S.K.: 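Input: one structure, supplied below.
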Amino acid sequence: MDLIDAREFRGLINSLFQPGDYHFSVMDIAVTINIAIGHYCDNEFNKVSHEIIDFSYHFSCEIKESIIKSKLMRDGLADYGKNIALLDVNSERAKIEYLFKNKKDLFKHYFSTFKNDNFNHSIRIWHQSNDHSWVDWNEKNSICININPYKIREGFFLVGFDYFDITNSESLYVASNKDGCEYFNEHLDDGLCVWVR
């Protein structure tokens, strides 16, 4: 799989070029790759786990170095309120390894990168438990986050997860993707359907 074709990965990288105070870390990149390639489905820590983590360290350093070397990129990111010093290229490896061994915490971390507490709009996400490969609708196997409902970053709506809009008391029946954003219960004629019940 080419990572740039994965909505999860593309959304994370594009977050760098969107206004706001979110700056991704090595941990965010590793977790996103894990989710994008479905590595968590095997529910084991193995050689591929180490390769994902190693690549994440390499990739984040390459991105930061490219930005440091380019005044144009630094100035552009500053216009978006981004501070290159906040790109964390030194996440603690043991913490990433822990997430790779615990699906609930892996999912919690992944979806936390979409969180925006400036908004009251809340979404509940049900996911697999550590012991099962199917969605478990037990409350303990759900995550609740506040998001910007008008501009949800690409990669939010994932097959194998279920979603409920707490604010509007509405279950997800379709999600669309257009121009790097995803939409809850909107089927866009010129968009890509990414999740359907």
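Numbering of residues begins at 1 and proceeds along the displayed sequence. Keep in mind it's a predicted model, so treat the numbers as computed, not measured.
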S.K.: Before giving the answer on side-chain contact (heavy atoms from CB on, under 4.5 Å), spell out for Asn141 and Gln128 the whole-Å C-alpha distance, their side-chain angles and the decisive distance to 0.1 Å.
M.R.: CA-CA 7 Å; Asn141 291 317; Gln128 300 176 9; over 6 Å; no
S.K.: Please verify the inter-ring angle class for Phe111 with Phe114; under 30° counts as parallel, over 60° as perpendicular, anything in between as tilted.
M.R.: tilted
S.K.: For Lys104 versus Ser142, what's the shortest heavy-atom pair and its separation?
M.R.: NZ-O, 3.7 Å
S.K.: For Val89 and Tyr57, which heavy atoms make the closest approach, and how far apart are they?
M.R.: O-CD2, 3.7 Å
S.K.: Would Ile29 and Leu12 satisfy side-chain contact (heavy atoms from CB on, under 4.5 Å), going step by step from the backbone distance to the final call?
M.R.: CA-CA 8 Å; Ile29 293 169; Leu12 180 73; 3.8 Å; yes
S.K.: Between His50 and Phe45, is the ring centre distance below 6.0 Å?
M.R.: yes
S.K.: Out of the candidates Tyr163, Phe184, Phe156, only one should pair with Trp195 under the side-chain contact (heavy atoms from CB on, under 4.5 Å) rule; please name it.
M.R.: Tyr163
S.K.: Once salt bridge (charged side-chain N to carboxylate O under 4.0 Å, His left out) is applied, do any residues pair with Asp54, and if so which ones, sequence neighbours excluded?
M.R.: Arg93
S.K.: Do Asp165 and His121 have side-chain atoms, one donor and one acceptor, less than 3.5 Å apart?
M.R.: yes
S.K.: Minimum heavy-atom separation for Phe119 to Ile147, with atom names?
M.R.: CB-O, 3.2 Å
S.K.: Answer yes or no: is there a donor N or O on one side and an acceptor on the other, between the side chain of Lys82 and the main chain of Gly76, under 3.5 Å?
M.R.: no
S.K.: Is there a side-chain contact (heavy atoms from CB on, under 4.5 Å) between Lys95 and Val26? Walk through the geometry before answering.
M.R.: CA-CA 11 Å; Lys95 289 181 179 177; Val26 171; over 6 Å; no
S.K.: Which of these passes side-chain contact (heavy atoms from CB on, under 4.5 Å) with Met73: Leu16, Ile63, Ile67?
M.R.: Ile67
S.K.: Work out which heavy atom in Gly11 is nearest to a heavy atom in Arg153; give both atom names and the distance.
M.R.: O-CD, 3.0 Å
S.K.: Mind listing the closest non-hydrogen atom pair of Ala85 and Lys64 along with its distance?
M.R.: O-NZ, 3.8 Å
S.K.: Can you name the closest pair of heavy atoms from Thr32 and Glu8 and give their distance?
M.R.: CG2-O, 3.4 Å
S.K.: Could you give the distance from OG (Ser122) to CZ (Phe164), rounded to the nearest 0.5 Å?
M.R.: 10.0 Å
S.K.: For Glu154 and Asn177, indicate whether the former's side chain and the latter's backbone hold a donor-acceptor pair under 3.5 Å.
M.R.: no
